[in-house]
Q: 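Structure incoming, see below.
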Amino acid sequence: MSAPFEPVSPKVSFAELDAQTLARWEEDSIFEKSVEARKDGEPFVFFEGPPTANGMPHPGHVLTRVAKDVFLRYRSMCGYHVPRRAGWDTHGLPVEVEVEKALKISGKEAIENFGVEAFSRKCIDSVFVYIDEWRKLTQRIGFWVDLDDAYVTFHKSYIESVWWALNSLFDRGLLYQGYKVVWWWAQGGTALSAGEVGQGYKEVDDPSVMIRFPIKNGRGENAATSFLAWTTTPWTLPSNIALAVKADATYITAALQDGTKVVLAKALEEKVLKDHDYAIVDEKKGSEWVGTEYEPPFRYAEPEGGPAFRVIDADFVELTSGSGMVHLAPAFGEDDFRTCQEKGLGFLQLVKPDGTFPPEVTEFAGRFCKEADKDIIRLLKDNGVLFKREVYTHEYPFCERRMSDPLIQYARRSWFIKTTDEVHKTIENNQQVNWEPSHIKDGRFGQYLAGNVDWAISRERFWGTPLPIWINDETGKRASIASVDDIKKKNPNAFAHFEAAREKDPTLQEHLMVHKPWIDAVTWEEPGEPGVYRRVPEVIDCWFDSGCMPFAQWGYPHQNKEKFEQCFPADFITEAVDQTRGWFYSLMMISTLMAEKFPSGKQSYPHPFKNCVVLGILTDEKGKKLSKRYKNYTDPLVLMDRVGGDAVRWALYTNTVPGQNTRFYDRAAQDAVREFLLKIWNVYSFFVTYANIDGFDPNAERPSLSSRPDMDKWILAELDATVRSVRSDLDEYKSHLAARSLQRFVDALSNWYVRRSRSRFWSEGDNADKASAFATLYEVLVDLTKLSAPYVPFMTDALYANLVRKHDASAPESVHLANFPEPSDARRDDALRRAVELTRGVVTLGQRVRAEKKLKVRQPLAEAIVVINDDDERAAIDRFQNDVKEELNVTSLAFTTEPAKYVEFTLLPNFRVLGPKLGKAVPECKKVLAQADGSALHAEMSEHGKITVTLSSGPVELTGDEVQVRLTAKEDFAAASAGGQVVLLDTRITEELLHAGYAREVVNRIQRARKELNLAFDARIKITYSAEGPLADAVATHLQTIQKEVLATSMDVGETETSTDVDGHAFAFLIVAE
RNA sequence: GGGGCACUAGCUCAGGUGGUUAGAGCGCACCCCUGAUAAGGGUGAGGUCGCUAGUUCGAGUCUAGCGUGCCCCA
């Protein structure tokens, strides 16, 4: 008979195995089949958060990809239909920056000189370079997702869907133009994102000035009185609008030597006035000054849109530096802007976008604002309003690409979505979402929603979804559109220029017609209205793109209406915690805003996802964020070539917890190989080796479960328990917990089942026990393979191919097409699991006794005695008495319920019960019990069912459940105790036992020699030997046993070669292989 | 400056509703087995649970403050 299984090498290269598996998946379209095979199943909807395709993937991206994969594979094996569409986020400043670097140009002007059309094409090329890298990684890590049908955010159909959404917001009055304060790079003419700003801080010395703001028309007690305010940006003073105080702080009015008076916070009196002689003439709350008008230091232009030059209160005013009064210039500060707007004050922006002062600022017109600081201060001094001048050293942001250019905070006209009007709905929707970990819902995400501000959506850049708003250049009337067709209805020739260009150059992608610069040339006129409609110049925030993904991936509503209806909302998404304010927010907000435009069946689901697993951030060994700059990680592809894809996956599943940062490094992946993969592989290789020797036929009828020995029933019961916990954990999106169950099971399988059962597999001839062992291990391996398949898809598919598919042509061709194991009531046996747990506890204690008493396991002992609490416990352990006897190397196993001889009793209060009853007397009760004779109390309790102790408050009766009994082995016995269990060993060694021990030592010496001779495990040998003193008798007595153990066909006294020592006696021998 | 999360053994992590010997795996030390053998297994040593107060008969667990780290926002 040919071998039923392909031989398995215990030496395995998982990386090589991966390559074969990947090739097979590809060739046989296994992924496609896995989706197709379940197409009639209940749908399980998944949204792929589109990775930003502007850089190389790193281990953090690997984590999100495998975190997605495990649930998708699991659901698919459970029978769900799980289509998985990939997606790419292709827009945004980071893409532009990559291209600028490649072209060695920088700034808006440089891009315009290069040509926006050519630049957009470069952006597409750049994006695809990285998409290729991502593809490689995605496939290598075994993330099954449909890459060939990926949605791409720059595609025309995608952009038209985004336009549809924006158009709807525009129609509903939720899209408006306002100001936003940004970090502005004046020389480059662009705003920088927070990330970019963070890269460019350096320490600088800036002027720090205290200015007098005289009270307007100050008379009486206010005569010659000024507010004092502090600033490190004198160039913003010409744009001053207000002064802010802290409403509940105390402000003093101090009369100075020169006859003037100044107002400042009392808390800062000393710091500010330390060089002056002064007298406090008044004290007021900040709130009492609110509304007071003052004379601004400059008056080059009048503020627009509201009143100015008055005191207001603001919550951000601090009393730690400055004067406790803050100069506000809403054009140049976020807080300033927000506060002034809330108070309905005016606006003044006396710096041009290029950073220079406009002509109105006569003295400084044309000069760069920050550079003019010194002269501004001089002018303030000449005008007599400079109170104090110092130098202030602090961190200030510069443009990371030109570190000589300081950034300034600058208010720009910007388009906003009025999310604050609708956020209450989003907050409600959030309550419908199951977040893992759960604290995200009302913590990080909920808090973020609670502090919602309108979404600043426009960007003054080139490569992004163009804002679909057109403005009439004469009337100023605004219009928005939802699609290319909308435009063509207004002007059939709107895209003539694009089509002409495309005729000349067929490589010009159709998608570019909706991008800059082509879209900017699109205009129309309305009948009966003067002027031409021209598009606004902005593109939009690419987060809006990705948030539109539920419908934009289908081009909805312009096409694929049924697709959208089938695939909304998602059952499950997962990304890292940094997406809270990114994709999670944009998805949730946009779906809420757009819900009223969804088909009626979907309006009840304004929450776009039902379950969201929030992953932590991966860091290096020191807790530092992984970053290309620090080179503090190994390229995932390189790591996988070393240890295989499964090892990297398993390390991520077991070492990470949702929502928490995790230190990740190569060793974690190496450990995964040894701890999990290799353990399974060794069991598998053990099974295949003996199954082939024995001719095990997986198709033959197998012994019934009830006829199998307890050991087999036990491992199947453990398997069943594992199936149950893995399923329920995965159903609850707790993949890390399910992984731990698997780990525990594999440990039980290898450490106890296989180790204890090995000899059953090599026993001679046919017998029921062997048949049962093979059947059981086979069933366990097959189910374990399926159970781990979502986690370690490569290795499990190799196992499945050999164990199942090889001799069952009707089986699915891959484990990933198989059904996930179901719970089995037949296999379930919790009592048996408990029995083995008790048994293993006894073995542990017995081994501890041996170690403590230095009794070698090779020396047989007469008896082990187990102290038991009841007959159930006795029966449970007795069931496995052979295992206990072998593990402990004892001749017999005995039980006792009369342990008083061997153990001491200590009584302790059962705190949970006695706490409420005795209250403050608990510690005293504990003390009294501890000092009493525990054994006597225990005897009394056994007899009467209760005991009486005397506390200072009087006698107290305690029942059995009000105390807990603790057993401790008495010192004079070879005993060990733990968790209520006590095991004793009889340490008396008779001559008979001693000789049996010697025989085992002799076996050990010969086996070692066999190994050194590299003999095959089944090689037969002839032995000649000589033995000294008692050894000679021992060998003679146990000659047959020794021969059997070492596979010797003969063993006679004679010639020797190897000399060894057994307990001080010489034993020498010679081995001749047959 | 604001919000969030975390801090338990050398490392990675468990420790519903407070209950008195705080657990696992890895690593380490010692040992066993030698028919899973460049594998398999056992036992053990390691913890003032970030710090300080408080609530309580009792706090790793609850409260407050502080410290450290990380993420997000300013």
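Only heavy atoms go into these numbers, but all of them, side chains included; no hydrogens, no water, no symmetry mates. Because the structure is predicted, anything quoted here is derived from the model rather than measured. Every chain is numbered from 1, with letters handed out A, B, ... down the list of sequences.
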Q: B:rU17 and B:rC30: how far apart are their P atoms, nearest whole angstrom?
A: 41 Å
Q: Of A:Asp442 and A:Lys856, whose nearest nucleotide on RNA chain B comes first from the 5' end?
A: A:Asp442
Q: Less than 3.5 Å apart, any donor N or O on the side chain of A:Thr654 or A:Gln743 sitting next to an acceptor on the other?
A: no
Q: What nucleotide, of B:rU20, B:rC73, B:rC71, holds the atom closest to the side chain of A:Arg581?
A: B:rC73
Q: Measure from the ring centre of A:Tyr448 to the centre of the six-membered ring in the base of B:rC72, then say whether that distance is under 5.5 Å and the planes meet at under 30°.
A: no
Q: Check this one for me: any side-chain N or O of A:Arg912 less than 4.0 Å away from OP1 or OP2 of B:rU20?
A: no
Q: Does OP1 or OP2 of B:rG40 have a side-chain N or O of A:Asn682 closer than 4.0 Å?
A: yes
Q: Please work out the stems of RNA chain B from pairs that are Watson-Crick or G-U wobble with both distances under 3.5 Å, keeping only runs of three or more consecutive pairs.
A: B:1-7 with B:67-73, B:10-13 with B:23-26, B:28-32 with B:40-44, B:50-54 with B:62-66
Q: State whether A:Thr844 places a side-chain N or O below 4.0 Å from either non-bridging phosphate oxygen (OP1 or OP2) of B:rU43.
A: yes
Q: If we take the C1' atom in both B:rG44 and B:rG4, what is their distance in whole Å?
A: 41 Å
Q: May I ask you to say what A:Lys11 touches in the nucleic acid, namely base, sugar-phosphate or nothing, with a heavy-atom cut-off under 4.0 Å?
A: nothing
Q: So does A:Glu1045 pair up with A:Arg1000, basic N to acidic O under 4.0 Å?
A: no
Q: Hey, is A:Arg756 close enough to A:Asp883 for a salt bridge, meaning N to O under 4.0 Å?
A: yes
Q: Report the nucleotide, chosen from B:rU21, B:rG25, B:rG42, that has the shortest atom-to-atom distance to any side-chain atom of A:Glu675.
A: B:rG25
Q: Quick one: label A:His736 by what it contacts on the DNA or RNA (base, sugar-phosphate, nothing), any heavy atom closer than 4.0 Å.
A: nothing
Q: Closest to the A:Trp762 side chain: B:rC72, B:rG35, B:rG40?
A: B:rG35
Q: Taking A:Arg744 first and then A:Glu718, would you say they form a salt bridge - that is, a charged N and a carboxylate O separated by under 4.0 Å?
A: no
Q: Closer than 4.0 Å, any side-chain N/O of A:Gln964 to the OP1 or OP2 of B:rG19?
A: no
Q: Nearest whole Å is fine: how far is B:rG40 C1' from A:Leu749 CG?
A: 12 Å
Q: P atom, B:rG46 versus B:rA24: distance in rounded Å?
A: 14 Å
Q: Distance between the P atoms of B:rC49 and B:rU61, in whole angstroms?
A: 9 Å
Q: Between B:rC13 and B:rC70, how far apart are the two P atoms, rounded to whole Å?
A: 15 Å
Q: B:rA45 and B:rG50: how far apart are their C1' atoms, nearest whole angstrom?
A: 24 Å
Q: Would the base of B:rC71 count as contacting A:Arg444 through its side chain, where contact means a donor and an acceptor less than 3.5 Å apart?
A: yes
Q: Roughly how many Å apart are B:rG15 and B:rG23, using the P atom of each and rounding to a whole number?
A: 15 Å
Q: Does B:rG47 sit syn or anti, given that only angles within 90° of 0 count as syn?
A: anti
Q: In terms of side-chain heavy atoms of A:Val922, which of B:rG44, B:rC57, B:rG3 is nearest?
A: B:rC57
Q: Regarding A:Lys679 and A:Glu675, does a basic nitrogen lie under 4.0 Å from an acidic carboxylate oxygen?
A: no
Q: If the threshold is 4.0 Å, N to carboxylate O, is there a salt bridge linking A:Glu342 and A:Arg338?
A: yes
Q: Quickly work out the A:Leu449 CG to B:rG4 C1' distance and round it to whole Å.
A: 13 Å
Q: Determine the Euclidean distance between corresponding P atoms of B:rG16 and B:rU37; express it in Å to zero decimal places.
A: 42 Å
Q: Check every atom of B:rU21, B:rG19, B:rG42 against the side chain of A:Leu908 and return the nucleotide holding the closest atom.
A: B:rU21
Q: One thing to verify: whether A:Glu1001 and A:Lys856 come together as a salt bridge, which I'm taking to mean a side-chain N less than 4.0 angstrom from a carboxylate O.
A: yes
Q: Less than 4.0 angstrom from a charged side-chain N to a carboxylate O is my criterion; do A:Glu436 and A:Lys441 meet it?
A: no
